[in-house]
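Just below is one structure, and these are the notes that go with it.
Below, chains carry the letters A, B, ... as their sequence lines are ordered, and counting in each starts from 1.
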Amino acid sequence: MAETSAGGLSSDDALGHASAWREAGKGVALATVVKTWGSSPRPVGSQMAIDEDGNMIGSVSGGCIEGAVVMESRGIIGSGTPKLLEFGVSNEMAWEVGLACGGKVEVFVERID
Amino acid sequence: MKADTLRQTLDFRIKKLPVAVVTRIADGAQGLVTPTESDGALTLSEVTQGKVRARLHDDRSGRIDAAEGDLFVQALNPPKRLILVGAVHIAQSLVPMAQIAGYDVIIIDPRGAFATKDRFPDVQLTEDWPDEAMEKLTPDHRTAVVTLTHDPKLDDPALTVALRSEVFYIGALGSNRTHNARCGRLRDAGFGEAEIARIHGPVGLDIGAKSPAEIAVSILGQITQTLHRAAA
């Protein structure tokens, strides 16, 4: 059985935590890998939930870009406007982080309203 | 995402029903699509719904270019299933490994001494005869079947049902000699070579596995390989 946290949710269950955090009255964002190019650590559809305090559950890479996604999430939790983030070796958007594996990913981040 | 949409999505998951969450990248508008219905703020044409359902069926999340815009389809299917015939020692290792890998595991063994809650605490157990049990489970394209008893009167009925279904993986424990004999019996029962070739036997990847746990690794490795090589 997968590890479960106190709430009975699996420790990597992004959707379950997003819902539980929202119901507890927290600001929550959901990040989803919507496209990948080349080698990328997590496949399309991988998800991460982020709460207003910066807690995260799930993953969108092998740990390379999670920090940047959490940072971006703060603004999205505030504004409610979803955003498509792009990460890769090309660094077109001047991100300070990239994927060491040389892949490229697009991550869609939205607020849970 | 609206909290309502998220709740509905989780509700489908609890009920073990497939659902696709469709998101328009431009504005985040969303809709839900099931094999028979669609719902939500983002209204989708029949053509687009068809494309979404194809992805849901194939368990393939991804972008589609549709009349409604640049859409992302998140395919959320219930867990894949692994049906094991034989509540034997290898099964005790294979069950937790498969569960960690995301499978719902079901064990069939009509021999009451084997399929006990003590030996298999977190698994669905059935003591029905394998063919009957398999038919009740309606194995589909997201199901794998592995027979582990070595006993033709238990393994063969399960294999017979598996071969008549869309299961993505069939494995049968036993040596080359055992497997050849098995293939002979299935031929006599009317199965063709192509059908019989669907059975992985001897089961598992050739990694020199010896212990029950190592054999479980080789079986789960082969199931994973079959799943993803078929999709590629």
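- Between Phe72(B) and Thr32(A), the closest heavy-atom pair is CE2-CG2, 3.6 Å.
- Contact annotation: the side chain of Asp13(A) approaches that of Arg13(B) to within less than 4.5 Å [non-hydrogen atoms, C-beta and beyond].
- More than 12 heavy atoms of other residues, nucleotides or ligands sit less than 6.0 Å from atom NZ of Lys26(A).
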side-chain contact (heavy atoms from CB on, under 4.5 Å) assessment of Leu15(A) paired with Leu76(B): CA-CA 11 Å; Leu15(A) 283 181; Leu76(B) 299 169; 4.0 Å; yes
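- Only the backbone of Asp27(B) comes within less than 4.5 Å of a heavy atom in chain A; its side chain stays farther off.
- The number of heavy-atom neighbours closer than 6.0 Å to NZ of Lys15(B), taken from other residues, nucleotides and ligands shown, is 12 or below.
- For the set Val44(A), Asp113(A), Ile112(A), Val34(A), the count of heavy-atom pairs under 4.5 angstrom toward chain B peaks at Val34(A).
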Verdict with reasoning, Arg22(A) to Leu6(B), per side-chain contact (heavy atoms from CB on, under 4.5 Å): CA-CA 10 Å; Arg22(A) 190 69 203 94; Leu6(B) 178 55; 5.5 Å; no
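- Asp70(B) and Lys35(A) are not joined by a salt bridge, as no carboxylate oxygen comes within less than 4.0 angstrom of a charged side-chain nitrogen.
- Per-residue heavy-atom pair counts under 4.5 Å with chain B were compared for Ala29(A), Pro43(A), Gly45(A), and the maximum is reached by Gly45(A).
- Contacts of Ile25(B) with chain A are made by both backbone and side-chain atoms, with heavy-atom separations under 4.5 Å.
- Residue contact with chain A, scored on non-hydrogen atoms closer than 4.5 Å, involves the side chain of Thr9(B) exclusively.
- Across all non-hydrogen atoms, the minimal contact from Glu110(A) to Met1(B) is OE1-N, 3.1 Å.
- For Val33(A), the part sitting under 4.5 Å from any heavy atom of chain B is the backbone (N, CA, C, O) and nothing else.
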